[in-house]
**Student:** 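Here it is: the structure, laid out below.
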Amino acid sequence: MLLARRTEERLIRLYHQGRIFGGVYAGIGQEAIGAATTLNSRPEDLFSPLIRDMTVHIGRGETVLNIFRQYLGRATGPTGGRDGNVHYGNLSLGVLTMVSHLGAMLPVIVGAVIARRRRGSESIGFAYFGDGASSTGDFHEALNFASVMDVPVVFVLENNQYAYSTPVSRQYRCRNLADRAVGYGMEGYRVDGNDAVGLYLFVQRLSRKIRHEARPVLLECETMRMRGHGEHDDFSYVPKSLLRKFSRRDPIVRAVKTLVEAGVISEEDFSALDGECRQEVDRAYRRALAEPEPDPATLEEGVYAPRGNDLS
Amino acid sequence: MLLARRTEERLIRLYHQGRIFGGVYAGIGQEAIGAATTLNSRPEDLFSPLIRDMTVHIGRGETVLNIFRQYLGRATGPTGGRDGNVHYGNLSLGVLTMVSHLGAMLPVIVGAVIARRRRGSESIGFAYFGDGASSTGDFHEALNFASVMDVPVVFVLENNQYAYSTPVSRQYRCRNLADRAVGYGMEGYRVDGNDAVGLYLFVQRLSRKIRHEARPVLLECETMRMRGHGEHDDFSYVPKSLLRKFSRRDPIVRAVKTLVEAGVISEEDFSALDGECRQEVDRAYRRALAEPEPDPATLEEGVYAPRGNDLS
Amino acid sequence: MRREEMTYLEAIRDGLRHALRDDPRVVVFGEDVGRFGGAFKLTAGLQEEFGEERVFDTPVSESAILGGAVGMGLCGLLPVAELQFVDFGMTAFHQILANAGTTYYRTANPVPITVRAPCGGGFGGGPFHSEDLEALFSHVPGVKVVYPAFPSDARGLIYSAIFDPNPVIFLENKYLYRRVKQLLSEQFEPEDLGAARVCRDGDDAVVITYGAMVHEALQAADELTAEQGYDVMVLDLRTLKPYDRDAVLAAAAATNRVMVVHEAWRTCGYGAEIVAFVAEQVFHLLDAPPVRVTAPDVPIPFAPSLEAAYRPSVGKIKRELLNLIEY
Amino acid sequence: MRREEMTYLEAIRDGLRHALRDDPRVVVFGEDVGRFGGAFKLTAGLQEEFGEERVFDTPVSESAILGGAVGMGLCGLLPVAELQFVDFGMTAFHQILANAGTTYYRTANPVPITVRAPCGGGFGGGPFHSEDLEALFSHVPGVKVVYPAFPSDARGLIYSAIFDPNPVIFLENKYLYRRVKQLLSEQFEPEDLGAARVCRDGDDAVVITYGAMVHEALQAADELTAEQGYDVMVLDLRTLKPYDRDAVLAAAAATNRVMVVHEAWRTCGYGAEIVAFVAEQVFHLLDAPPVRVTAPDVPIPFAPSLEAAYRPSVGKIKRELLNLIEY
Ligand SMILES: Cc1ncc(C[n+]2csc(CCOP(=O)(O)OP(=O)(O)O)c2C)c(N)n1
Ligand SMILES: Cc1ncc(C[n+]2csc(CCOP(=O)(O)OP(=O)(O)O)c2C)c(N)n1
Ligand SMILES: [Mg+2]
Ligand SMILES: [Mg+2]
């Protein structure tokens with residue numbers, strides 16, 4: 001969580017200094033969700049993060065270096081500069097690379113989990129998406145498909161109160177989005193998405209259960225987008241009171257408090273960790289910056305996979 | 001109901017005699033649904049029937065003559081032979097003309113009701129679709145959209161146990177499809193779709209309520225497709241026991257029984273009515289048959305509406 | 001007559017405002033278009049001016065937006081639906097192809113809807129925020145496709161699109177939104193759909209194009225005149241479907257050398273249609289093979305170095321024009 | 001060597017069966033494809049032979065089917081998804097354009113999926129069961145598009161499509177399903193993607209075509225030889241993207257007169273690409289303007305009288321060939 005926070009903070013600064021091309025979309029305030037889920041996963045599990053899920057990438061072992069390479073469009077990055085900012089993944093870490101179309105990754109991860117299980121693994125999936133994405137047809141088709149086909153995917157709905165400028169009151173009219181689960185014959189829960197420790201324990205039980213039962217589940221995590229939709233957006237449409245309320249529930253502050261109180265770590269441990277994170281971010285940024293941009297001569301290469309490419 | 005039944009029976013016969021080009025898709029056994037809903041409607045209301053909803057067309061005043069014209073692809077029919085069989089409507093009767101893509105008419109009728117109400121009428125909508133269509137993304141987008149926008153549409157889900165060859169057990173895993181309503185913050189009901197009288201009384205209350213409250217509602221009608229998907233399909237995949245069970249619940253037989261017992265009509269009235277229906281079907285078929293096919297010279301006419309076309 | 005300078009984006013907004021003012025049946029909707037004013041702030045101020053009944057936000061549901069528009073159009077409104085990016089319209093292409101495109105032909109009920117869709121790249125949008133999909137829309141029977149290059153055209157054409165009794169896909173170029181300005185008369189004039197315009201005269205060759213590439217073509221032509229003395233005509237199609245056949249043929253006849261330029265992919269791109277049409281119709285008038293200058297068949301890359309190589313540039317157009325003229 | 005007579009439909013089934021037998025990673029799924037054997041009974045018997053794990057039904061959810069296929073392909077299966085009709089694939093075109101088309105370019109992870117889609121009209125299917133949408137698919141970077149005309153090609157190409165490491169849109173022509181038969185060797189041979197084939201030789205003109213229209217073109221050519229003594233080449237493209245450029249150019253060079261025929265709409269149709277390509281590349285070799293014979297830009301009509309006028313016919317092709325040859 002902390003490493004993700006520090007990375008995003010740096011990306012935000014770089015964006016406002018005009019040093020990031022494209023855009024920056026931050027998940028600040030939502031870090032508990034990716035952390036609690038990846039910490040409960042096994043190597044064979046699959047993930048489809050969206051734009052606010054840096055903790056999923058980091059939780060699965062992606063390096064901060066690769067993340068800066070990606071944002072800086074370097075040839076060395078996960079997409080080699082062919083795609084930008086949040087559109088990266090790493091299949092060897094079980095992380096799919098998103099497309100922008102909201103909802104469109106949900107059937108993909110369902111298919112991916114089907115494949116892994118047919119090939120003999122006990123893989124389960126974690127699919128992340130927002131309150132806005134819950135209005136797309138793909139959300140519906142994917143949840144129903146997963147249910148009918150008995151595919152164990154945790155549909156992690158990050159309800160952060162807004163889809164771009166649109167508040168949840170104009171996005172849906174059910175009480176909670178978790179209420180949709182019954183319509184798919186799956187279990188649905190609404191939980192506090194800013195309580196990392198509580199979420200960790202909850203997902204621990206949940207993931208064991210669905211791995212065993214091979215059933216999907218809808219997990220609505222209540223949280224808040226603490227920045228604009230992207231850094232170009234001043235989010236003046238968000239009431240200050242809402243931001244204040246959620247800044248009192250900052251997932252990192254809360255987690256540290258719980259862990260310190262429980263005697264798991266000390267304040268000093270935390271400061272030391274923070275220092276390391278900042279250093280790692282610094283180092284990674286500087287290194288990525290020094291690396292080359294993609295060579296325009298490669299533009300038309302790799303549109304099609306060559307025959308004989310290993311398909312396994 | 002009776003007129004629709006007799007019309008479809010004739011169409012089925014004609015199909016098997018090789019006299020109908022294209023296909024025939026019958027709603028036999030499902031007639032109560034269109035009848036009970038259209039009988040509760042007002043002239044300004046809107047309808048989007050699908051392939052098994054002949055009673056919607058007839059209930060709104062479409063003539064059997066036009067229906068035969070349509071099936072025979074006559075230039076005089078509702079689509080002038082440009083579209084076939086079940087793809088017809090009549091906007092002056094409030095009936096939209098379907099496209100084949102399952103679910104795709106659902107947002108259309110939501111928009112249509114919005115328009116009528118903005119133009120000052122108290123229109124409500126009746127949208128018909130099957131258990132198969134309930135798996136499409138469009139179903140989801142339309143129900144959510146209607147709910148968020150407060151659009152009074154009765155989403156009439158004709159659960160007839162099959163989508164082509166696919167039984168409901170492979171279509172969804174919720175207990176009842178009406179369970180999806182809560183996920184849209186609307187009311188949902190599952191009712192006996194073969195009980196015309198009961199359904200009529202139920203829809204009477206329901207349509208009053210939603211016209212007043214301007215809210216959508218999901219109405220799942222349990223029924224059975226008593227023929228193949230189309231007349232080309234021998235539906236050998238349907239267990240005979242299921243057909244037997246539902247043939248004991250034939251909506252016309254039941255309605256007549258109830259009405260006779262209540263003294264509303266006599267057996268003789270019914271026989272007389274049946275005779276009239278058969279005559280009307282005969283007359284309409286013969287007349288439509290004598291009418292011209294579309295002139296191929298008109299093929300490229302009317303792709304675009306001319307300027308000055310009345311848009312009101 | 002007073003004149004104001006307007007960007008391409010402001011001009012579209014002004015066209016919307018005029019339509020909203022002139023006819024109570026006009027409604028504007030889409031994701032975030034209301035109070036927020038849309039992802040590009042194009043509709044900023046319209047909800048304030050016309051109220052929430054006329055200008056409203058929707059859930060993230062492209063099929064509900066497009067299908068809903070069809071229903072509204074059938075039943076008495078003049079809906080203007082915004083896709084936040086044209087790319088996302090592909091989640092509901094069937095609403096265009098089936099409901100919008102065929103309904104008038106089948107039922108004689110007009111579907112007077114307008115779908116606004118921001119298109120094009122050049123700003124680091126990557127593969128899913130930079131597409132130009134005019135070839136797909138132009139293949140659909142029963143819809144019209146418009147793609148303006150100048151503020152004055154954009155303003156007049158959006159207005160005419162709204163009042164056209166057919167479905168109109170109104171493609172807007174994001175690269176031009178704030179880059180192109182024009183002095184526009186305060187008095188508003190609609191612009192007829194369907195007519196192309198010669199926006200630079202010349203007789204050595206013609207570049208047939210639309211959208212952002214009109215500006216690149218104009219610059220290439222100016223530079224060629226300055227550097228080599230050649231005079232290249234630039235024909236801005238403005239409406240892509242149905243396109244202005246007479247203007248295309250006249251331009252080919254006047255120059256005998258034809259180039260089509262677009263930012264979209266090459267194979268089965270829009271340029272293929274124009275080149276094929278010219279080859280079929282005025283083959284004997286051509287002094288050189290017609291040429292397409294387009295993006296390659298490659299997903300739109302993010303990195304500036306790659307995107308610069310991807311997008312047709314002034315330099316590339318000039319080089320190809322020289323080849324064409326000196327063939 | 002024993003040979004069996006197979007229809008186009010049976011040949012595709014046989015290709016599927018070979019792929020299912022040869023590799024346990026192959027799975028076949030879609031609406032009603034299991035026990036029922038699909039709307040056209042093309043997959044009949046496959047579930048029985050290979051079990052419900054390998055051949056299975058899905059809900060009516062095209063985006064789940066296509067997106068699910070992408071996920072399966074990324075994680076170790078070789079999925080073959082059936083669209084019941086190509087028309088309904090338009091509800092999920094974004095899965096083709098975004099997920100299938102761009103993933104390998106962006107991530108270097110192959111997406112080895114096959115999407116089977118019945119296409120075409122001629123049987124009273126009306127506007128939503130008769131479409132030919134190859135132009136749309138062929139515009140998408142990163143996907144391959146195949147459209148066979150003969151049983152032997154269909155069998156060999158479906159097999160190769162399944163084992164190709166890229167997304168392949170495999171278009172099948174419904175009109176040919178039971179109408180075309182061929183004697184096929186029992187010993188199975190895959191057919192390479194990407195190669196066109198001259199299926200009739202001739203030097204007076206070439207008809208470049210694919211799918212159902214290959215058969216109409218062959219008949220037109222035969223009749224022209226019989227009636228007028230002209231010899232017309234027929235080039236069957238077989239793979240539409242990427243298409244066989246060399247074969248197209250060779251055919252143009254050998255005949256100097258080029259016609260493209262397809263059943264799909266004219267504007268921005270696939271024929272535009274081929275005509276444009278020929279005009280660009282071998283303009284100087286052409287003795288007459290290239291010609292497109294296509295359907296008009298009209299929703300596909302239901303009534304037999306209208307559909308007969310809509311679909312390119314042998315008579316129409318012959319007339320246009322005569323014009324072309326005697327130009
Ligand atoms: C199908 C589709 N429509 C529209 C968009 C444009 N868009 C990008 S992000 C966004 C809002 C997303 O909101 P939500 O799903 O709640 O995620 P959050 O940004 O809040 O994490 C929209 C509308 C898109 N990416 N995809
Ligand atoms: C989007 C889409 N996918 C597939 C089809 C093909 N199809 C036509 S009818 C049908 C089954 C429909 O089942 P249901 O919705 O239950 O209606 P019913 O026929 O039972 O009345 C299918 C799959 C279609 N029309 N539209
Ligand atoms: Mg959100
Ligand atoms: Mg059904």
Side-chain angles (χ1 to χ4, degrees), chain B residues 46 48 78-83 87-92 94 96-101 103-121 123 125 136-149 151 300-312, chain C residues 23-25 27 29 53-54 56-79 81 91-92 94-95 97-113 141-144 160 162-168 192-194 241-242:
Chain B
L46 287 161
S48 61
T79 63
R82 290 175 165 204
D83 206 341
H87 303 81
Y88 63 102
N90 192 328
L91 202 47
S92 68
L96 300 172
T97 296
M98 67 175 275
V99 298
S100 294
H101 305 61
M105 294 305 294
L106 298 175
V108 176
I109 188 164
V110 174
V113 172
I114 291 174
R116 284 253 164 119
R117 292 179 82 90
R118 295 264 166 113
R119 302 283 314 257
S121 101
S123 175
T136 63
D138 280 5
F139 159 84
H140 174 68
E141 294 197 3
L143 268 73
N144 185 55
F145 195 73
S147 182
V148 169
M149 309 281 297
V151 189
E300 298 191 42
E301 291 170 10
V303 175
Y304 292 112
R307 281 281 278 289
N309 200 311
D310 178 24
L311 293 179
S312 82
Chain C
D23 196 317
R25 296 174 303 175
V27 290
F29 60 97
E53 287 275 297
R54 306 282 307 283
F56 52 94
D57 289 338
T58 66
V60 183
S61 301
E62 277 74 11
S63 192
I65 292 169
L66 297 178
V70 170
M72 293 181 209
L74 281 169
C75 288
L77 295 180
L78 296 175
T91 62
H94 64 296
Q95 290 292 0
L97 186 49
N99 267 319
T102 75
T103 295
Y104 182 69
Y105 186 70
R106 298 182 301 135
T107 69
N109 300 128
V111 183
I113 72 171
V143 309
K144 298 187 177 181
S160 297
I162 293 169
F163 291 101
D164 191 283
N166 295 288
V168 181
D192 278 353
L193 301 191
K241 177 138 187 203

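A, B, ... follow the sequence lines: proteins, then strands. Residue 1 opens every chain. Atoms considered below: every heavy atom in the structure, side chains included; atoms not considered: hydrogens, waters and symmetry mates.
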**Student:** Kindly state each residue pair satisfying side chain to side chain donor-acceptor pair (under 3.5 Å) with at least one member in residues 65-79 of chain C, sequence neighbours excluded.
**Tutor:**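 As it turns out, there is no side chain to side chain donor-acceptor pair (under 3.5 Å) pair with a partner in residues 65-79 of chain C once direct neighbours are skipped.
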
**Student:** Which atoms of B:Arg118 come close to chain C, meaning under 4.5 Å heavy atom to heavy atom: side chain ones, backbone ones, both, or neither?
**Tutor:**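 Side chain only.
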
**Student:** With a 4.5 angstrom heavy-atom cut-off, which part of C:Pro242 approaches chain B: side chain, backbone, both or neither?
**Tutor:**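 Both parts, backbone and side chain.
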
**Student:** Side chain from CB out, backbone as N, CA, C, O: work out which of these in B:Val110 comes under 4.5 Å of a heavy atom of chain C, or both, or neither.
**Tutor:**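 Nothing of B:Val110, per the 4.5 Å heavy-atom cut-off to chain C.
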
**Student:** Which atom pair, heavy atoms only, marks the closest approach of C:Ala92 to C:Leu66?
**Tutor:**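 For C:Ala92 versus C:Leu66, the nearest heavy atoms are O-CD1, 3.8 Å.
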
**Student:** What is the distance from atom OG1 of C:Thr103 to atom CE of B:Met98, rounded to the nearest 0.5 Å?
**Tutor:**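 Reported value, rounded in 0.5 Å steps: 11.5 Å.
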
**Student:** If the condition is side chain to side chain donor-acceptor pair (under 3.5 Å), which residues does C:Thr102 pass it with, not counting sequence neighbours?
**Tutor:**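 Here the qualifying residues are C:Arg106.
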
**Student:** Taking every heavy-atom pair that is under 4.5 Å apart, which of B:Ala104, B:Gly80, B:Ala142, B:Gly89 has the most such pairs with chain C?
**Tutor:**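 Among B:Ala104, B:Gly80, B:Ala142, B:Gly89, the one with the most close pairs to chain C is B:Ala104.
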
**Student:** So which part of C:Glu62 gets closer than 4.5 Å to some heavy atom of chain B, the side chain, the backbone, both or neither?
**Tutor:**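 When you check distances to chain B, only backbone atoms of C:Glu62 fall under 4.5 Å.
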
**Student:** Relative to chain C, which segment of B:Leu96 carries a heavy atom at a distance below 4.5 Å: side chain, backbone, both, or neither?
**Tutor:**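 When you check distances to chain C, only side chain atoms of B:Leu96 fall under 4.5 Å.
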
**Student:** Given that the side chain runs from C-beta out, which part of C:Val111 has a heavy atom under 4.5 Å from chain B: side chain, backbone, both or neither?
**Tutor:**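 Looking at C:Val111, nothing touches chain B.
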
**Student:** Do you know which of C:Thr107, C:Asn99, C:Val60, C:Val70 has the most heavy-atom pairs under 4.5 Å to chain B?
**Tutor:**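 Of the candidates given, the most pairs with chain B belong to C:Asn99.
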
**Student:** Tell me, side chain or backbone of C:Asp57 under 4.5 Å from chain B's heavy atoms, or both, or neither?
**Tutor:**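 Backbone of C:Asp57 only, per the 4.5 Å heavy-atom cut-off to chain B.
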
**Student:** Using 0.5 Å steps for rounding, measure from the OG1 atom of B:Thr136 to the CG atom of B:Leu106.
**Tutor:**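 So the gap between those two atoms works out to 6.5 Å.
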
**Student:** Rounded to the nearest 0.5 Å, what separation is found between the OG1 atom of C:Thr58 and the CG atom of B:Asn144?
**Tutor:**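 Separation between the atoms: 10.0 Å.
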
**Student:** Examine the side chains of C:His94 and B:Asp138 and answer whether a donor and an acceptor come within less than 3.5 Å of each other.
**Tutor:**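 The answer is yes; a qualifying pair exists.
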
